[in-house]
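First up is the structure itself, then whatever we jot down about it.
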Amino acid sequence: MSEDNQNYQEFFFGPAHPGSGNFSVKLKLEGEKIIAAKSIPGYLHRGFEKLMEYRTPMQNAVLSDRICVFEPLAWNLVHANAVEELMKIQAPERAKHIRVILAELSRIQSHFIWYGALSMALGFDTGFKLAFGYRDFILDVFESITGARVYPAGYICPGGVRRDLPEGVEEKILKTLEKIDEMRLWEELENPTFQARTKGVGVLKLEDALKLGATGPVLRASGMKTDVRKDDPYELYSNLDFDIPVEKEGDAYARFRIGLREIKESVKIIRQVLKKLPQGEIMEPSLANLAVPYNLPEGEVYVRQEAARGEAAIYLVSDGGIKPYRCKVRGPSFFHLLPVLEHLLQGEQIADVPVIYWSLNHCPADMDR
Amino acid sequence: MENKIQEKIYSQFGVEAKREKQRRMWLKIDQERLLDLLRFLNVLGFEELSGLSALDWPKQEKMELVYHLWSYQEKMLLSVKTMIARESPGIDSVVSIWGASAQIQEREIHELFGIDFPGNPDLSELFLEDYSGPPPFLKDFNWRKHYE
Amino acid sequence: MKLKIILKLIRNLFQKPLTVRFPHESIPIAKGYRGKHEHNMDKCVSCGLCAKICPNKAIEMVEVAGKKYPKIDLSKCCFCGLCQDICPVKALKLTQEIPQATPDPSSLIIEVDKTKLDKNP
């Protein structure tokens, strides 16, 4: 039978589909098996890299939390660290502790969204409701510290943080950590349908993962023990005590287990930092006056950090003015959605597409910028 | 650890890698020897192409490309910079060294800056649909005039 | 471990639900929430710093009865609070009132009320 006789169908798994988000994939099918897949990005392209060239660093801090929808505080921290390294200053100690607490809480709530969306894709409604219900307690903590539930509008800015902690927020954080431990108790109960649909599906081997550019939990689920917080430490991470979870199989079930173990490690970090929170000022004095714009010295800097999805990086170049000359953003989902997804979908059944898609923990806004 | 790599690069290519601080090094090289240097660095252990950035310098009439390489064994970042001409810019592709992660980044730069990469299997459009104007991230792109 | 779950289930059966009946009762909003603006025109010194720092250019200085006041367009505002932080006399504040969706675009512009000004010529 020659190739011309076979019937191929093209199927568009598009952005208005209830399981897909702002991203679409064109599938070439033969019966129920996928022959080839092509990703179509670009629904959320806003041109961040050009927008940041027209604003001062403080205004860019407000803009930087819309790079990724699910974890704005992590991107705030990347941008603030980039500007501080270029100006060769450090934030005060109290500000560093507050920043690490918020970054780890943001990682936990992003993993809750991951778990909820993966359950929703399988039709496991209980998991979806548990995840999004418990996430609300973390958003209440954000509201009392930063002023809004999801977008903190540049709370972590170059020089420190914008406001001090209100009264009684430390007890509130400890109560929230107890609720998070309660949530993990529910997740330890393994649903047999969930296991059967995720074990052995979407296997990513280690050599392929390195060539395709995977980072973060996707790379750790394939067997490589690496984490930017340990290899290239920033803020307070070189003095903290935590583990890096690693799994060997590389399938969707291994990625799900890594998400749960990372939540446990983040809770450990928050407890350590809360115990030694010092008093002091919250913003570097030379950058505290908003009315006087400061010049960025000439130079370039490349800052890498560990967001919940993988390796997030910013390359900042300045030629001596008050606005940056070039600000390039490296999003982790750019590599997970374009080469890795096309490689994983080849040869799979069409019923497995939502599982593989949501197990990669991606954010379309991160990819398009 | 950084000194060993600096010596190896100097003995083979004659260019000096400047150490900015712990785990960060910067290096400048001309366009002709760039591919040989990148292949050499890949063998030395720099397995990840963490980022590929392009910059536009209209006053010097040149464009600049920066390759950020990360090594998991040595735990070090080395950034390689090179200048290319601004009129019909082009440079050889590195897909043969780093695979699909390099191919997708070159596709994005081709669309937004107009740099050509011979050797890249697929340079079709990525983000902008039905767009037929000049590359939008260049410094002399007047976006207000384009939409009138 | 299964016993812990069953005890928790029985305890949950007798608790009241977490949801509230929204228009009749509401949950408390945190202090420091960034909502709609409130401008005190007596304190304003017309420096124009709020218009300079707004990242979306939502504030414009307009002249009313010989003095310049800010006019805020809420459809462009992202409620970041930079205008509140930079005001040197603390005349512009963000309250706890949440901006609601409305079919009338003119209600989204906050500007100085001319009738209140005429009392002090």
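Every chain is numbered from 1, with letters handed out A, B, ... down the list of sequences. We use all heavy atoms of the structure for the numbers below, so side chains are in, but hydrogens, waters and symmetry mates are not.
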Between [options], who has the most heavy-atom pairs with chain B when the cutoff is under 4.5 Å?
| options | result |
| --- | --- |
| Gly42(A), Gly47(A), Ala214(A) | Gly42(A) |
| Leu212(A), Val317(A), Val301(A) | Leu212(A) |
| Asp232(A), Leu44(A), Leu210(A) | Asp232(A) |
| Pro233(A), Ala313(A), Ser39(A) | Pro233(A) |
| Arg304(A), Met224(A), Glu342(A) | Arg304(A) |

Using the rule given for side-chain contact (heavy atoms from CB on, under 4.5 Å), can you reason through Leu55(B) versus Tyr315(A), listing the C-alpha separation, both sets of side-chain angles and the distance that settles it, and then say yes or no? CA-CA 11 Å; Leu55(B) 284 118; Tyr315(A) 174 55; 4.0 Å; yes

Arg326(A)/Val66(B) under side-chain contact (heavy atoms from CB on, under 4.5 Å): CA gap, chis, key distance, verdict: CA-CA 12 Å; Arg326(A) 170 94 169 107; Val66(B) 188; over 6 Å; no

Worked verdict on Gln105(B) versus Arg330(A) for side-chain contact (heavy atoms from CB on, under 4.5 Å): CA-CA 10 Å; Gln105(B) 301 194 67; Arg330(A) 185 241 196 232; 5.6 Å; no

Where does [X] contact chain A at under 4.5 Å (heavy atoms): side chain, backbone, both or neither?
| X | value |
| --- | --- |
| Leu128(B) | side chain |
| Gln103(B) | neither |
| Phe137(B) | both |
| Ala54(B) | backbone |
| Ser50(B) | both |

Step-by-step side-chain contact (heavy atoms from CB on, under 4.5 Å) determination, Lys139(B) to Tyr325(A): CA-CA 10 Å; Lys139(B) 288 284 179 184; Tyr325(A) 189 79; 3.6 Å; yes

Aromatic contact, Trp70(B) with Tyr302(A) (centres under 6.0 Å): no

Lys/Arg-Asp/Glu bridge criterion (N-O < 4.0 Å) met for Arg24(B), Glu85(A): no

Does Glu108(B) pair with Arg369(A) as a salt bridge, N-O distance under 4.0 Å? yes

Quick test of your reading: applying side-chain hydrogen bond (donor to acceptor under 3.5 Å, both in side chains), list the pairs with at least one residue in residues 89-98 of chain B, sequence neighbours left out, ordered by first then second residue. Ser93(B)-Glu106(B)

Search all heavy atoms of Leu52(B) against all heavy atoms of Lys328(A) and return the closest pair with its distance. O-CE, 3.5 Å

Which of residues 26-42 of chain B have a heavy atom under 4.5 Å from any heavy atom of chain A? Trp26(B)

